[in-house]
Visitor: 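Got a structure here, written out as structure tokens. Questions coming.
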Amino acid sequence: MNDDLKLMKETVRDFSAKNIENIALKIEREGIHKDLLKKLAEQGFLGATAPQEYGGSELDGASYRAILEELSSFSPSVGVLVFLYNSIASKLLNKGKAGDYLKEILSGESTLGFGYGEILEGYGNSSGNEGSDGKGILKKDVIFPTANKFIALDGSGQNLILAKGKIEKAKDKKSLGIRGLGISDVIIDTSGTENLGLRSDIVKAIEDSSLEIAAIYLGIIKGSLNKAIEYAKVRTTFDHYLKDYSPVAFSLSNLRAEEELLRSYIYETDNENGKGLNALIFAESLSKKATKQALQTHGGYGYLEDFGVEKFYRDAMTISTILFRGRTDRKRLSEEVFGTEAGNL
Amino acid sequence: MDFELSDELKDFRKMVREFALDEFTSEVARKRDFEESYPDDLRVKSLQKGIIDFSSPWKTMVAIEELCRVDAGLGISVTVPYFGAEVIMLFGNDAQKEKYLSEVNKGKKMMGLAVTEPGGGSDVAANKTEAAKSGNKYILNGSKMFITNGQIADFFVMLARTSKADSAKKHRGMSTFIVESKFKGFSANKLEGKLGVRATNTAELILNNVEVPEENLIGEEGKGFYYIMTFFNISRVFVAAQAIGVAQGALDRTLEYLKNNAPSGELQNEYVQFTLSDMATRIEAARLLMYKAASYLFQFKPNPTITSMAKGYASETAVFASEKAMELTGLYGLSGDLERYFRDAKIMEIWEGTSEVEKLIIARMLEKESDSSE
């Protein structure tokens, strides 16, 4: 890792320790507040890779991944938000009137949600007027449902639009993960929308971001293992520190070793030729193992939100559902490996 | 060797399943999970309908599995008001059984077990709560952590130290008491923000000079640790039932999705098929282990090795199955009921002996058994 990258990581870590760590539980309970958005914008994180004309920082890929890793190690919700703004919004909104809105969200003035479920998975009904008041289109599983505007599919289910919307009904459940953003159903107002392109554009944006999603996972792995390792140093049971017991020490150090391998790969490669997919598929499975072990190391305390470790367990699974596309991504990797169609049956 | 349950138990299982499907709707389960509130109405209803029958341990085990199969938070909530009763049943005197257990059996009172302490966890012998004899009563001071029913139980079977800890034999000098929540100096703080089983009530208990009459001492002074370990050998079979319920329920709902809601052809994909097969095989293996442990235990020949294997394996199976269910159902599972299974399952590897403790027990028993077989 070169000095610039080290410095970048240190900067993000300091920022997070100062501005996220002490409110991490509040983010889980109440969502990401505007003052944090403003600070993220001032640091240039919200628009890390966006063009300067929209208020972006035009950072290189490794610096961007460093931001994602470090932020996610404190709050995966914040990491996912920065990812969605950079890897999706900045690629889709950088034109015409939508460009004005891109400026607004990158400055932290406004917020942007994503009608994610139907866009990626084709899940939910994308056509017809389904809102409870007969106006607008009901979108299921929208990320950041309290946002001012949304990227969603229009009635045809093929075109991406930028539109206003409102939460369909009062929540009867919390989302499993990324609670700082939340996931809920939203009714999209179809009047006065901006056209942003085709559904396939957003799918491509995601497919081109394997390493960046892996960087979010890397942060989750790091954050959860940090907690577990620190806890194992101070917690005693049967007269010894947890760290002194071989099963605890071996499993945590093994996971840390895998984390290190993943990190060096993530910062030394690019998304070409399926290399990003290598990292993504490894990171997805490692994040589940690491967060599970980190929670288990904490015992009963790990099961309570106050200890800040169960969120990683929830978030790893949630991100695996929304950003990692299970069989689709495994099939993509298979096709890279075999050089032809593979894994259909 | 017969792998079938009796006809009576099969009929009972069917009745419990129907009850759970009728009463544990998604709406109710979500509400209790979201609000972290205990479903007292369901507790009363389950008693009225004969779902809970503590005179039969087999029925209890089957009921726990079937209820948790539909929802673990609700299922545990309605079966846990008797938690700890076996300690009084096995080691208490007739007066204690009459005064406390009969009320619990009638559903008029709720009880709990208070063993774990802050920072104590698995290491029960490291407990610090003290019970000092003073005339014809004991004065209890200390605190208890992660106590199920902590805020709603009428009384607790509580472990406390009646003589100073001998560093080499810390498990000696501990005794069990019946402590009523209305005793002066007793207080309970609800623990909120649990990852799962959020319909169940969990609290930290504070004991500040709580006076407990000496007739509330269970069994003999100094034998408390042994009583509690005997209890865990029983309750672990029931935790296995909770875990198998969660795992089976996750598989049920995954199959339901694949058949009715998934894009066509999904169930024909071999990756999906192999995952389903793994889930089902592990569930069946865990259930057989549980039946074997139960068979020994309910004939009063407990086998701690098999019991720990059943509890440990069943809880890992619950975590495995709920994780795979999430992977196979994607956003359907995330926004529906399956994500709750994923959150609920994890506690099974922690309470009533963590997976690590179960492994230690198995290893120690293996060593012992190999000594005696030589």
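Note that the structure is predicted; figures quoted are calculated from it, not measured. The sequence lines fix the lettering, A, B, ..., with proteins before strands; numbering per chain opens at 1.
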Visitor: For the candidates B:Met145, B:Lys31, B:Glu27, B:Gln268, which exhibits the highest count of non-hydrogen atom pairs separated by less than 4.5 Å from chain A?
Guide: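 Top option by heavy-atom pairs under 4.5 Å: B:Met145.
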Visitor: Between B:Glu323 and B:Arg282, does a salt bridge (charged side-chain N to carboxylate O under 4.0 Å, His left out) hold up when you go through it step by step?
Guide: CA-CA 13 Å; B:Glu323 194 177 306; B:Arg282 291 198 198 194; over 6 Å; no
Visitor: Heavy-atom distances under 4.5 Å only: say whether B:Glu192 touches chain A with side chain, backbone, both or neither.
Guide: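 Just its backbone gets close to chain A.
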Visitor: Only heavy atoms, only distances under 4.5 angstrom. Which residues in residues 229-237 of chain A are near chain B?
Guide: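 Residues of residues 229-237 of chain A touching chain B at under 4.5 Å: A:Arg235, A:Thr236, A:Thr237.
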Visitor: Given heavy-atom pairs under 4.5 angstrom as the criterion, report whether the side chain, backbone, both or neither of B:Val319 touches chain A.
Guide: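 For B:Val319, side-chain heavy atoms alone lie under 4.5 Å from chain A.
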Visitor: Quick one: what part of B:Asn269 sits under 4.5 Å from any heavy atom of chain A, side chain, backbone, both or neither?
Guide: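 Contact with chain A involves both backbone and side-chain atoms of B:Asn269.
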Visitor: Output the option from A:Gly300, A:Gly326, A:Pro247 having the highest count of non-hydrogen pairs under 4.5 Å with chain B.
Guide: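 Among the listed options, the one with the most contacts to chain B is A:Gly300.
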Visitor: For residues B:Gln242 and B:Val197, determine if any side-chain heavy atom of one lies less than 4.5 Å from a side-chain heavy atom of the other.
Guide: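 Answer no - side chains too far apart.
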Visitor: Starting at CG of A:Leu84, measure out to CD1 of A:Ile151 and round the result to the nearest 0.5 Å.
Guide: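 Output value for this atom pair is 8.5 Å.
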Visitor: Taking 4.0 angstrom as the limit, do A:Lys173 and B:Glu339 come out as a salt bridge?
Guide: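 Counted as a salt bridge, because a side-chain N and a carboxylate O are separated by less than 4.0 Å.
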Visitor: Quick one: does any side-chain atom of A:Tyr116 pair with a main-chain N or O of A:Asp141 as donor and acceptor, under 3.5 Å?
Guide: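 Pair absent, no side-chain N/O of A:Tyr116 close to backbone of A:Asp141.
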Visitor: Can you tell which part of A:Asp185 gets under 4.5 Å to a heavy atom of chain B, answering side chain, backbone, both or neither?
Guide: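 Neither; nothing under 4.5 Å.
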Visitor: Identify which of B:Gly121, B:Gly196, B:Ala125 forms the greatest number of heavy-atom pairs closer than 4.5 Å to chain A.
Guide: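 That would be B:Gly196.
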Visitor: Should the pair B:Glu36-B:Lys190 be classified as a salt bridge under the 4.0 Å nitrogen-to-oxygen rule?
Guide: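 Salt bridge: no.
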Visitor: Name the region of B:Arg32, side chain, backbone, both or neither, that has any atom closer than 4.5 Å to a heavy atom of chain A.
Guide: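 Neither the backbone nor the side chain of B:Arg32 comes within 4.5 Å of chain A.
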Visitor: For a side chain to side chain contact (heavy atoms under 4.5 Å, CB included) with B:Ser308, tell me which candidate from B:Ile362, B:Leu360, B:Val357 qualifies.
Guide: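 When side chain to side chain contact (heavy atoms under 4.5 Å, CB included) is applied between B:Ser308 and each of B:Ile362, B:Leu360, B:Val357, only B:Ile362 qualifies.
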Visitor: Looking at the rings of A:Tyr313 and B:Phe342, which for Trp means the six-membered one, are their centres under 6.0 Å apart?
Guide: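 Yes, the ring of A:Tyr313 comes within the 6.0 Å limit of the ring of B:Phe342, centre to centre.
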Visitor: Of the listed residues (A:Met317, A:Lys292, A:Glu310), which shares the most heavy-atom pairs with chain B below a 4.5 Å separation?
Guide: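 Most pairs with chain B among the choices: A:Met317.
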Visitor: Check step by step if ring pair (Phe, Tyr, Trp, His ring centres under 6.0 Å) holds for B:Phe83 and B:Phe231.
Guide: CA-CA 10 Å; B:Phe83 191 53; B:Phe231 169 77; 5.5 Å; yes
Visitor: Of the listed residues (B:Thr116, B:Leu191, B:Leu195), which shares the most heavy-atom pairs with chain A below a 4.5 Å separation?
Guide: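 Most heavy-atom pairs within the cutoff with chain A belong to B:Leu195.
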Visitor: Can you find a heavy atom in the side chain of B:Val28 that is under 4.5 Å from one in the side chain of B:Leu42?
Guide: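 Result yes, sub-4.5 Å side-chain heavy-atom pair found.
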Visitor: If I measure from the heavy atoms of chain A, does B:Pro118 come under 4.5 Å with its side chain, its backbone, both, or neither?
Guide: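 Both backbone and side chain.
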Visitor: Would you check, one step at a time, whether the test side-chain contact (heavy atoms from CB on, under 4.5 Å) holds for A:Ser210 with A:Arg332?
Guide: CA-CA 11 Å; A:Ser210 297; A:Arg332 282 170 61 213; 4.0 Å; yes
Visitor: Can you tell me which portion of A:Arg330 sits under 4.5 Å from chain B's heavy atoms? Options are side chain, backbone, both or neither.
Guide: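 Just its side chain gets close to chain B.
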Visitor: If you take the centroid of each ring, where Trp contributes its six-membered ring, are B:Phe146 and A:Tyr301 closer together than 6.0 Å?
Guide: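 Judged by ring-centre distance (under 6.0 Å), A:Tyr301 and B:Phe146 do meet the cut-off.
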Visitor: Taking side chain as everything from C-beta outward and backbone as N, CA, C, O, which of these in A:Leu345 sits under 4.5 Å from a heavy atom of chain B? Side chain, backbone, both or neither.
Guide: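 Interface part for A:Leu345: backbone (N, CA, C, O).
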Visitor: Name the option with the most non-hydrogen atom pairs under 4.5 Å to chain B; the candidates are A:Gly299, A:Ser320, A:Gly343.
Guide: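 The residue among A:Gly299, A:Ser320, A:Gly343 with the greatest pair count is A:Gly299.
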Visitor: What residue pairs, at least two apart or across chains, pass salt bridge (Lys or Arg N to Asp or Glu O under 4.0 Å) with a residue in residues 327-338 of chain B?
Guide: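 Sorted result for residues 327-338 of chain B: A:Lys288-B:Glu327, B:Arg30-B:Asp337, B:Arg253-B:Asp337, B:Lys324-B:Glu327, B:Asp337-B:Arg340.
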